[in-house]
Each structure stands twice: as C-alpha cells, then as structure tokens.
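As structure tokens, the structure follows; a few thoughts come after it.
So you know, we letter chains A, B, ... as the sequences are listed, proteins then strands, and number each from 1.
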Amino acid sequence: MSDNSEQKETTQNPNIPEIFLKPYSPSEHESKIYAEWESSGFFNPDVCIEKGLTKPDAEAFAIVMPPPNANGNLHAGHGLVFTIQDIMMRYNRMRGKRALWLPGADHAGFETQVVYEKKLEKEGRSRFSMDPKDLYNEIMNFTMSSKSFMENQIRQLGASCDWSRSLFTLDDSVIKIVYDTFKRLETDELLYRGARIVNWCSKHQTSLSNLETSHVERQDKFYYFKYGPFTIGTARPETKFGDKYVVMHPDDARYAEYSHGQKIELEWINGPITATVIKDEAGDPEMGSGAMTITPWHSGIDFEIARRHNLDYEQIIDWRGKLLPIAGEFTGMSIKDAREKIVEKLKEKGLLVKIDEAYTHSVPCCYKCDREIEPQIREQWFIKTKLLAKKALKAADAEEVVFTTDRDERVFRDWMDKIEDWNISRQIVWGIPIPAKICTVCNHGMVDIKNIITECSQCSGAVIQDPDTFDTWFSSGQWPLATTGYPDSDDFKNYYPTSIMETGKDIIFFWVSRMIMLGIYCTGKVPFKKVYLHGMVRDKHGKKMSKSKGNVISPGEIQEKYGTDALRMGLMVNNAPGTDMNLDPDKVNAYKKFANKIWNISRFVLESVSDYTGDEVIIASEADSSDIAIISRLNEISLEITDHMEKDRFDLAAEKIYHYVWHEFADKIIEESKPLIAGNDAHVRKLRQQTLLTGLLTSLKLLHPFMPFVTETIWQNLPKNVLGKEREMLMVTKWPI
RNA sequence: GCGCGGUUAGCUCAGCUGGUAGAGCAUCACAUUGACAUUGUGGGGGUCACAGGUUCAAGUCCUGUAUCGCGCACCA
C-alpha cells in the first residue's frame with residue numbers, strides 16, 4: 001500500500017463523514033447550501049411561523065434592503081451592505097424574532113441612464129437622436145438583465161432575504177404609491193410647479209438637485225469692469241450681456257448718492273443701455289467694489305434679488321451652453337470660447353478696470369460628468385420640504401428614529417435645518433413619468449394621476465403630457481412604504497416601522513432623509529426606528545476604488561478565490577461602524593484559513609466522539625472542574641458576543657468569536673482534551689466528549705451569522721447521534737444564550 | 001466660509017463607559033506526517049502626532065498646535 005493517507009481515511013476514522021476528509025472548499029458547497037436555505041422557505045418569516053420555528057407573536061425584526069442599482073455588477077461596497085444586513089438578519093432570526101428582509105432592485109433613474117448613455121456613445125449613438133420610447137425600452141431590457149444577474153450575486157453573498165417579496169422600483173404597486181403621494185402633496189399645498197433656478201447640466205440635458213452637484217475648487221480670473229459710474233466685479237463676463245440692474249447694499253455709504261430705482265444711461269458690451277439702481281441687502285460692501293450687476297436667469301442669488309424687486313429675467317445662455325441672440329456678435333458661441341473675446345472687447349472699449357488673476361472659488365459641477373453646472377430658470381415641480389423636515393426633526397427629537405452615532409445624527413439635523421425646496425423633475429426618459437399635463441398655451445401644470453385632464457384649467461388651452469420623469473430619489477424615498485405594502489397590507493401592519501435602516505453614509509441626504517420625511521408624511525410614522533450607516537470600502541491602502549486606477553476589487557473574484565465566508569469576515573473584523581474600511585485580500589485569506597480551521601476542528605471533534613451515545617453525562621466531582629470551566633467560559637463568550645450584537649458592534653463580535661474558536665477552543669481546549677479522550681477513565685472521557693460537542697455546536701451557532709456557509713455545511717453533515725435534538729438546519733437553530 | 005473625522009507595531013486598521021497596548025499581513029527562531037495541503041510554540045518590533053491640563057491612574061476625558069482626509073455651501 002503506497003498511499004497511506006487513503007488507508008488512514010478508511011481504517012482510522014470510520015465514523016467521520018467523508019466530506020471532512022479533505023480541506024474545506026467553499027465553491028463546492030456554497031451554491032448548494034444557498035439553494036437549500038432558499039427552498040426551505042425560512043427566509044420568509046411566515047414559513048417559519050407555519051413550521052413552528054417562530055412564535056406568531058414574536059417580536060418583528062425587519063430590514064428594507066437598499067435596492068442596488070440594476071445597472072452593473074455588485075461592487076465591494078455591496079459586499080459590505082449585504083454582509084452587515086445578513087448578519088443582522090441571521091442573528092435576529094436565531095434569536096427567535098419574526099425576521100423579514102425585504103429585497104429589491106432600483107431602476108436608478110439618472111444613474112442608469114448615464115451608464116446607458118456611455119454605452120450608446122461607445123456604439124456611436126446618442127440618446128438625443130432616439131425616440132424616447134425606444135430609448136426607454138432599450139434601457140428597460142438592459143436593466144432587467146442586469147437585475148437578474150445582480151440578484152444571483154446577492155444570493156452568492158449568502159443574503160437571507162425573502163425573495164418572494166422582492167420588488168422593483170418600476171413595479172405598478174410602487175408607481176401607484178408614488179402617484180398617490182404626488183397627488184396628496186398637491187392637495188396639501190406642499191407641491192408647486194414653478195419657474196425657479198435649477199442646476200442644469202448642458203451635457204446630460206437635465207436639471208439636477210443640489211445633491212447631484214459637486215463643488216470643485218478652482219482658480220479663475222476675476223474681472224473688474226466699468227459699469228457707468230460703478231465698478232463691478234465678475235468671474236463670468238459671458239453672462240453679463242443682459243445685465244441692466246446694478247445692486248448695492250442700502251447702507252453702503254459709497255453709493256449714498258444713488259437712490260433705489262434710479263435710471264442711469266451707460267455704455268456696455270454691445271452698446272448703450274439703461275441700468276437701474278437696486279438697493280438690496282444682498283449687496284456685500286466687503287466684496288469687490290460693493291456694487292454688482294445681476295443675471296437673474298443664471299444665478300440663484302441674482303434670481304432671488306430679482307424676485308424681491310420684481311425685475312426682468314432674460315435667458316443669456318441656451319440649454320446647450322451656447323450664447324443666445326442677446327449676445328449680438330457672440331451669438332452661438334460656447335460660453336467657454338466667448339469669455340476671453342468678450343473681455344477683449346470690453347478692454348478695447350476702455351471698460352476693463354483690472355483682472356485679478358488668482359481668484360479661487362468653488363463652482364458647482366455635474367457629479368457625473370464634472371461639467372460646470374449652468375444655473376437656468378426652468379419650470380419644474382418642487383416639493384416644499386420645510387414642513388416635512390420639521391416633522392422629521394421632531395421625530396428625531398422624540399427618538400422615534402435614532403442614529404447609531406451622534407455624528408450621523410448631527411449631520412442629518414444640520415441638513416434638515418437648512419433644507420431647500422426639492423426639485424423632483426428630471427428631463428430624462430428613464431424613470432417614473434410625472435403624472436401631469438402641461439398647457440401648451442400658458443404653460444400651466446396640472447397634476448393628473450388618472451390621466452383624465454384634456455384642457456387647461458386656467459385658459460382652456462390644449463394640454464400635453466409632462467415629458468419629464470421623477471427624480472429617482474422621490475420614488476426611492478417611499479421605498480419602505482412600497483416594500484411593506486402601504487397602506488393596508490398585512491406586512492405594513494406587521495413590519496412598519498421597520499427595525500433598522502442600514503445603508504451607506506454617502507446617501508444619508510439623498511435617501512435616508514427623504515425616506516424619513518416622506519414616511520412620516522404618508523403614514524405619520526417614521527419608516528425605521530434606527531439608522532446604521534456604514535462607510536466606504538476602499539482598497540488595501542485606503543484609496544478609493546476606481547476603474548481608472550485599476551484597483552477595483554470585485555466581490556465575485558474574492559469569493560471565488562477565498563470563499564464567501566472569508567470575504568464576509570474580512571469585511572467585518574476590525575471595521576468599526578461608520579468608518580471607511582480597507583479591503584485587503586491578505587486579510588480575507590486569513591479568514592479562508594479560519595474557515596478551514598473550523599472545518600478541521602469539526603473533524604477532530606467528530607473523531608473524538610465517534611462512540612458518543614448521546615446520554616447526558618452528569619458532572620460528578622471536583623475532578624470535572626476543567627469541563628465546568630470550559631462550559632462557563634463558553635457561556636461568558638456567548639454573552640459577550642450577544643452584547644456586541646445588540647449594540648450593532650459586529651466588528652467586535654466577529655473578532656471575539658474568531659479568537660475564541662481558534663485560540664481558545666482549538667489551541668487550548670482541544671489540545672488538553674487529547675489525553676483525556678485517549679485515556680481509559682470512562683467518565684472523564686465521556687464528559688469531555690460532551691463538553692467538546694457543546695463547544696463545537698455553540699461555536700457553530702455563534703459563527704453562523706458571520707460565516708453562514710461553512711457553518712451550515714458542517715452542521716448538515718454532523719451525524720445524528722451528535723446533533724441530538726438540535727434542528728437539522730443551523731440557520732433556524734436558537735442562538736446560544 | 002460652516003461642520004466633521006483621522007493621526008496607535010514595517011503596512012492596513014481595532015481598542016466600549018479611563019486601570020500598565022491588540023488583530024491581519026510582514027519578520028525571526030524552533031517544532032511538526034500533525035485534527036489542520038490553510039499547523040503549533042515562542043520572539044522581535046509601539047515614549048499610542050505634539051504640547052499642556054484633569055486624575056491615585058489617560059490611546060482612552062479637556063484645551064491648544066501640527067498634519068492628512070471628508071462632508072456641506074446660490075459669495076457677485
């Protein structure tokens with residue numbers, strides 16, 4: 001016999017299930033185990049109640065899954081989201097709660113359309129030359145295939161969510177809720193359609209909310225021009241064609257001789273104009289000369305001044321970023337090209353006073369294409385958010401909703417305090433159409449969720465369907481309502497408000513704030529009792545992952561190489577909640593080794609208890625004190641881990657169980673046990689067998705939320721005499737406490 | 001401009017309500033056919049950014065400084 005390992009397997013360990021005779025190989029077991037979980041139906045709390053695993057009156061524990069954008073693969077951040085939430089779910093399910101995790105997928109309006117536009121660009125196509133219906137259908141097909149692909153990736157991460165309740169943000173039931181809310185906001189006079197300054201992206205041809213802009217610090221030239229008797233400063237000469245108002249602070253002594261409303265003839269870019277003096281508090285005497293001209297169509301602050309004094313508005317720059325006929329000889333030029341030429345002309349006319357070369361300011365840019373935002377006036381639907389925000393803050397005061405860190409709560413409150421009206425119109429096709437009619441004569445907008453309006457309520461003119469779609473966050477903001485079946489489903493009654501909202505801190509304003517506002521608005525109750533925000537996943541050196549840097553770590557690759565359990569542990573251990581975390585493949589590899597360690601611990605224990613009868617051994621004497629100590633330490637560890645779990649410190653819980661299993665149970669207890677098991681004192685031997693089994697089963701339970709695959713695989717392969725009265729599926733056993 | 005966070009072992013990071021520093025990786029020595037292909041034992045390596053303060057006692061609380069990073073923001 002040349003191969004003695006073969007011999008060893010068959011002769012020495014006849015009672016060890018064959019599966020344990022080689023190292024743990026995640027890929028061999030994971031998909032099979034997931035399929036068993038899924039087909040058991042235990043992800044659905046109703047089934048758990050039916051099968052008697054959960055008491056019908058047990059406390060509810062519900063999480064709404066942040067629906068991932070159905071436009072690409074899962075990234076490392078998703079790995080973290082689903083791991084944290086799955087840990088919460090599995091823990092609470094084992095605690096005996098009615099545990100419900102509501103999955104879904106997000107059409108992700110603008111985000112997805114941008115992804116799709118890039119695809120079109122590569123194919124040499126453009127959305128602007130396509131029929132909107134065709135474009136919509138193409139994006140729908142693309143989204144649907146991404147969605148099903150993504151759902152499988154979520155399964156691979158081990159997510160124990162209830163797929164039977166899965167929802168897509170464009171499902172009819174979602175749209176109905178969104179439309180009803182839209183109508184209700186109108187009825188409550190919290191909605192208006194108005195011409196306001198919006199953030200316009202000239203590339204994407206849509207307005208964006210403030211949150212969808214990012215401010216970029218830049219150094220530009222700052223120009224001073226002669227404007228009649230005044231010197232005015234500007235960083236944007238290309239907007240100045242229509243400037244016919246000059247604004248200064250009423251108390252500015254330098255301009256005391258000029259009175260509000262006074263007309264002044266002066267020479268300007270394209271000839272003589274009549275300017276009007278406006279005294280307004282917005283004029284900052286400290287800034288430049290203290291006098292400024294305003295461009296109400298292309299500046300928020302100027303717009304407000306114009307509104308206060310009922311001034312004229314005139315569009316200077318078109319929707320593509322080109323100058324309109326008001327610019328005279330510059331008409332049709334892009335603003336970028338025009339700037340220097342305009343300055344040149346003003347210089348020739350002797351109107352240039354000076355140029356400040358080192359002027360730093362921050363300019364708003366489209367968060368997708370980094371192009372400078374052009375403020376424009378456009379008719380859009382706005383929600384008056386002040387009242388909604390006030391109620392949200394009140395709920396936070398009353399601790400109806402709490403944040404896991406004070407820091408996050410402060411950030412939330414600051415934003416709520418100074419919230420502005422919310423533009424919910426987007427000029428893109430990929431989204432929920434705004435249920436409204438627009439008058440072709442007077443431009444009046446009418447909410448029309450039943451699609452029955454045929455003429456303008458103000459002028460009887462012909463109407464057309466509003467071509468715009470909702471900001472995706474307006475519908476996402478109602479996601480906890482949609483997933484629980486608001487307003488009258490059993491789930492809504494049983495699970496709303498949900499227990500916890502776990503999501504990335506980067507969307508605290510986009511999503512968390514809106515859910516709280518809209519949840520309270522629709523139901524009178526907060527949508528979740530607790531907010532847990534995690535940080536970003538970065539590469540091993542703390543750098544942001546990006547395709548261009550080539551440092552993207554895809555969860556799939558990591559899972560393939562090290563196993564899902566290892567990835568989950570790598571993401572959890574030592575990663576404090578709310579802080580950014582670095583994902584290091586070496587660290588994940590360490591937990592791959594750990595999974596194998598658990599595997600071998602199990603194998604050793606099974607070898608040691610091959611003749612275990614299942615009869616309880618009574619602790620007889622002081623000689624049994626080491627077994628007593630082991631069991632008592634096990635209880636202590638269980639309590640400590642439970643304490644961490646209750647405080648949402650999964651990072652600490654994960655590290656503790658890791659340490660216990662490897663460096664106490666394996667390194668010390670198992671080593672000590674070897675002579676006892678091999679010895680000939682029958683009582684000592686049997687007692688130690690019992691102790692080892694208790695240690696193993698308890699460890700598997702404590703590990704399960706973190707490493708569900710390897711623990712469940714082991715559990716299901718434990719021989720009957722070892723499992724005793726325990727349930728056959730680890731996922732639904734009771735937490736050891 | 002307003003606000004927030006970090007600064008702990010060579011690298012990446014933990015360290016809860018204050019009681020003489022921990023993990024992974026890396027490194028060194030020894031052991032090991034071992035339940036462990038992914039093992040064990042032991043070691044080296046930190047004046048916990050700096051300066052003050054509170055305290056019997058401070059990575060841990062307070063104040064300030066330096067430095068890196070982040071968020072928010074309609075400054076012409």
Side-chain angles (χ1 to χ4, degrees), chain A residues 4-5 8 12-13 16 20-25 197 199 210-211 213-215 222-224 232-236 239-240 243 247 282-284 286-295 298-305 359 361-364 373 375 405-408 410-411 414-415 418 420 505-506 508-509 535-536 538-542 544 562-563 566 569-570 573-576 578-608 640 643-644 647 649 651-652 654-655 658-659 662-663 666-667 670-671 673-674:
Chain A
N4 59 7
S5 68
K8 186 179 119 194
Q12 291 191 335
N13 308 304
I16 304 302
F20 290 110
L21 298 181
K22 53 181 185 171
Y24 176 62
S25 160
I197 288 279
N199 299 300
N210 288 348
L211 288 176
T213 66
S214 53
H215 291 255
F222 192 79
Y223 307 89
Y224 289 90
I232 56 129
T234 183
R236 301 200 59 194
T239 65
K240 295 286 152 194
D243 288 13
V247 179
D284 181 359
E286 305 291 314
M287 186 75 194
S289 63
M292 65 174 172
T293 62
I294 58 169
T295 315
H298 298 289
S299 154
I301 192 165
D302 294 0
F303 177 82
E304 289 304 323
I305 295 170
Y359 170 69
H361 60 159
S362 61
V363 291
I373 287 292
T405 68
D406 295 344
R407 200 185 345 143
D408 292 329
R410 240 176 296 138
V411 170
D414 284 352
W415 191 73
K418 51 187 180 193
E420 298 287 333
K505 65 178 176 187
D506 55 329
I508 181 170
F509 306 133
M536 303 294 97
R538 301 170 178 279
D539 77 358
K540 66 185 281 191
H541 296 294
K544 202 171 172 175
Y562 307 105
M569 283 296 272
V573 177
N574 258 5
N575 283 149
T579 57
D580 288 349
M581 47 196 66
N582 301 352
L583 182 56
D584 180 355
D586 283 339
K587 187 177 166 191
V588 177
N589 189 40
Y591 295 108
K592 181 186 178 189
K593 293 180 185 176
F594 181 50
N596 193 55
K597 188 75 182 179
I598 301 166
W599 191 254
N600 276 298
I601 287 168
S602 305
R603 171 180 170 175
F604 176 81
V605 172
L606 290 182
E607 280 178 10
S608 304
E640 287 173 7
D643 188 51
H644 287 315
K647 289 176 177 154
R649 289 306 302 264
D651 54 326
L652 301 179
E655 199 195 352
Y658 168 81
H659 259 264
W662 198 320
H663 300 301
D667 289 351
I670 283 186
E671 290 307 321
S673 301
K674 285 176 181 174

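For B:A76, the OP1/OP2 oxygens have a side-chain nitrogen or oxygen of A:H361 closer than 4.0 Å. A sub-4.0 Å separation between OP1 or OP2 of B:G5 and a side-chain N or O of A:T405 is absent. For B:A37, one of the phosphate oxygens OP1 or OP2 lies less than 4.0 angstrom from a side-chain nitrogen or oxygen of A:N596. A sub-4.0 Å separation between OP1 or OP2 of B:G71 and a side-chain N or O of A:W415 is absent. Residue A:R649 places at least one side-chain N or O under 4.0 Å from the OP1 or OP2 atom of B:G15.
Rounded to an integer number of Å, the gap from A:K544 NZ to B:U12 C1' is 20 Å. Protein atom CE of A:M569 is 14 Å distant from nucleotide atom C1' of B:A14, rounded to whole Å. The CG atom of A:L211 sits 13 Å away from the P atom of B:G71 (whole-angstrom rounding).
When distances run from any side-chain atom of A:Y359 to the nucleotides B:C13, B:A37, B:C75, the shortest one goes to B:C75. Closest to the side chain of A:E671, from the set B:G24, B:A35, B:C74, is B:A35. Counting only heavy atoms from C-beta on, A:N574 has its side chain closest to B:A14 among B:U12, B:A14, B:A76. Side-chain proximity of A:N582 to B:U12, B:C72, B:A76: nearest is B:U12. Closest to the side chain of A:I601, from the set B:A35, B:G24, B:G15, is B:A35.
Comparing the C1' positions of B:C2 and B:G44 gives an interatomic distance of 48 Å, to the nearest angstrom. B:G19 and B:A58 are spaced 10 Å apart, taking the C1' atom of each and rounding to whole Å. Rounded to whole Å, the P atom of B:C61 lies 8 Å from the corresponding atom of B:C16. Of the C1' atoms belonging to B:C11 and B:U41, the separation is 25 Å, rounded to the nearest Å. The C1' atoms of B:U65 and B:G22 are separated by 29 Å, rounded to the nearest whole Å.
Taking the six-membered ring for Trp and thresholds of 30 and 60 degrees, A:F222 and A:Y224 have ring planes more than 60 degrees apart, a perpendicular arrangement. Ring planes of A:Y658 and A:F594: perpendicular class, angle over 60° (limits at 30 and 60°).
On a pure distance criterion of 3.5 Å, a polar donor-acceptor pair joins the side chain of A:K674 and the base of B:A35. A donor-acceptor contact under 3.5 Å is formed by the side chain of A:K597 with the base of B:C36.
Judged by Watson-Crick or G-U wobble contacts below 3.5 Å, the nucleotide B:A73 has no partner. Base pairing of B:G5: its partner is B:C68, meeting the Watson-Crick or G-U wobble criterion (both donor-acceptor distances under 3.5 Å).
Judged by the 6.0 Å and 45° rule, A:K587 forms no cation-pi pair with A:Y562.
A:N210 and A:N199 share a side-chain donor-acceptor pair at under 3.5 Å.
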